S.K.: 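Here's a structure for you.
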Amino acid sequence: MNFLVFIVCLVFSYLLGSIQGSYISSRYIYNDTKVVSEWQEYKTIHTFNKERISVIIIDGVKILIPTLFLFLSAPLFSLEPRFAALLGGGSATLGHMYPFFRLGKGEAMEAFMITALFVSLPSALISILVFCALFVVFGRKTIPFVVSVFAFPVVLIIFFRPTFEVGILSILYSILIFWRQKKAVNTFLSE
C-alpha cells in the first residue's frame, strides 16, 4: 500500500510541476497574455519586474511542495529522506521541463536549485557558487548552469558520501537537466 501511495505522490509531483508559472501569472494574476510570450522569449536573470517575480515564485512553490513533502514523509515510505526528496523534486522538474499540460517548457534552473538544497545543502551551495563564478566570467547563464548542474553530484559524491541510491539518482537528475539544456549549449558553442 505504501508503494502505491508513493507512486501517486510522484505522479502528483509531475502534474504539479507541469503547471507553468508564466501561464498562471498571465491568465489569473495579470490577465495579460504578454507575460507568457515575453517569458518564453526572454528567460533571464538580468531583468526582474513584478510579472517575472510572480512566475519565479509560482515555479519555485510548485517544486518546493513535492520536494518538501516527500523529504518529510520519507520515513512513512521507508525511504532515506534525501532520496525521497530527489525523486519528488525530479518528478516535479520533469513536469516543469516536459509538461503534461503543454503550456510551455521550463529550463529547470530554479527547480534544480530547490531540489539540490534538500539533497545536500553544502553541495547545493557549492554548485550555486560555481554558477555565480562562471556567470561572472561568461556573462550568460547556459554554460555556468550546465557546469553547476554537473558539479552538484561530483561534489556530493566525493565530499559528502551519500548512499549509493542518492549518488546514482543525483547523476541521473543532472543528465536529465542537461538533456533539456542541450540545444542551448549547442547554440552557445556555435557562436
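The figures here come from the full heavy-atom set of this structure, side chains too, leaving out hydrogens, waters and symmetry mates. This is a predicted model, so every value here is computed, not measured.
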S.K.: Heavy atoms only: give me the nearest Phe83-Leu169 pair and the separation to one decimal.
M.R.: CE1-CD2, 3.6 Å
S.K.: Test: salt bridge (Lys or Arg N to Asp or Glu O under 4.0 Å). Region: residues 88-101. Which pairs qualify, not counting sequence neighbours?
M.R.: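 Not a single pair qualifies under salt bridge (Lys or Arg N to Asp or Glu O under 4.0 Å).
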S.K.: Measure from the side-chain N and O atoms of Ser170 to the backbone N and O of Gly167, and report whether any donor-acceptor pair falls under 3.5 Å.
M.R.: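 Such a contact is found between Ser170 side chain and Gly167 backbone.
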S.K.: So, for Pro162 and Leu156, which heavy atoms are closest and what is the spacing to 0.1 Å?
M.R.: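 Shortest heavy-atom contact: CD-O, 3.2 Å.
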S.K.: List for me each residue that meets side chain to side chain contact (heavy atoms under 4.5 Å, CB included) alongside Ile19, sequence neighbours excluded, and say none if there are none.
M.R.: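 Listed in chain order: Leu16, Ile24, Phe101.
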S.K.: Which residues pass the side chain to side chain contact (heavy atoms under 4.5 Å, CB included) test with Thr163, not counting sequence neighbours?
M.R.: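 Applying side chain to side chain contact (heavy atoms under 4.5 Å, CB included) to Thr163 gives Glu80, Glu165, Val166.
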S.K.: Side-chain donor-acceptor contacts of residues 110-138 below 3.5 Å, not counting sequence neighbours, with atom names and distances?
M.R.:
from, atom 1, to, atom 2, distance (Å)
Glu110, OE2, Gly60, N, 3.3
Thr115, OG1, Ala111, O, 3.0
Thr115, OG1, Tyr173, OH, 3.3
Ser120, OG, Ser123, N, 3.3
Ser120, OG, Ser123, OG, 2.9
Ser127, OG, Ser148, O, 2.6

S.K.: For Phe150, give me all partners under ring-ring contact (aromatic ring centres under 6.0 Å, His included), at least two apart in sequence or on another chain.
M.R.: Phe178
S.K.: Checking Phe77 now: which residues fulfil side chain to side chain contact (heavy atoms under 4.5 Å, CB included) with it, not counting sequence neighbours?
M.R.: Asn2, Val5, Phe6, Cys9, Leu70, Ser73, Leu79
S.K.: Should Ile63 and Asp59 count as side-chain neighbours, where that means a heavy-atom distance under 4.5 Å?
M.R.: no
S.K.: For the residue pair Ile171 and Ile157, establish whether any side-chain heavy-atom pair is separated by less than 4.5 Å.
M.R.: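 In short, these two side chains touch, coming nearer than 4.5 Å.
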S.K.: For residues Gly89 and Thr67, report the shortest heavy-atom separation together with the two atoms involved.
M.R.: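 Where Gly89 meets Thr67 most closely, the heavy atoms are CA-OG1, 3.2 Å.
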S.K.: Please tell me if the side chains of Trp179 and Met97 come closer than 4.5 Å, counting only heavy atoms from C-beta onward.
M.R.: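 The answer is no, as the side chains (C-beta and beyond) never meet within the 4.5 Å cut-off.
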S.K.: Answer whether the closest heavy-atom distance between the side chains of Pro99 and Gln20 falls below 4.5 Å.
M.R.: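 Yes, close enough: below the 4.5 Å cut-off.
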S.K.: Main chain of Gly88, side chain of Tyr14: is a donor-acceptor contact present, judged purely on distance under 3.5 Å?
M.R.: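 Side chain of Tyr14 to backbone of Gly88: no pair is present.
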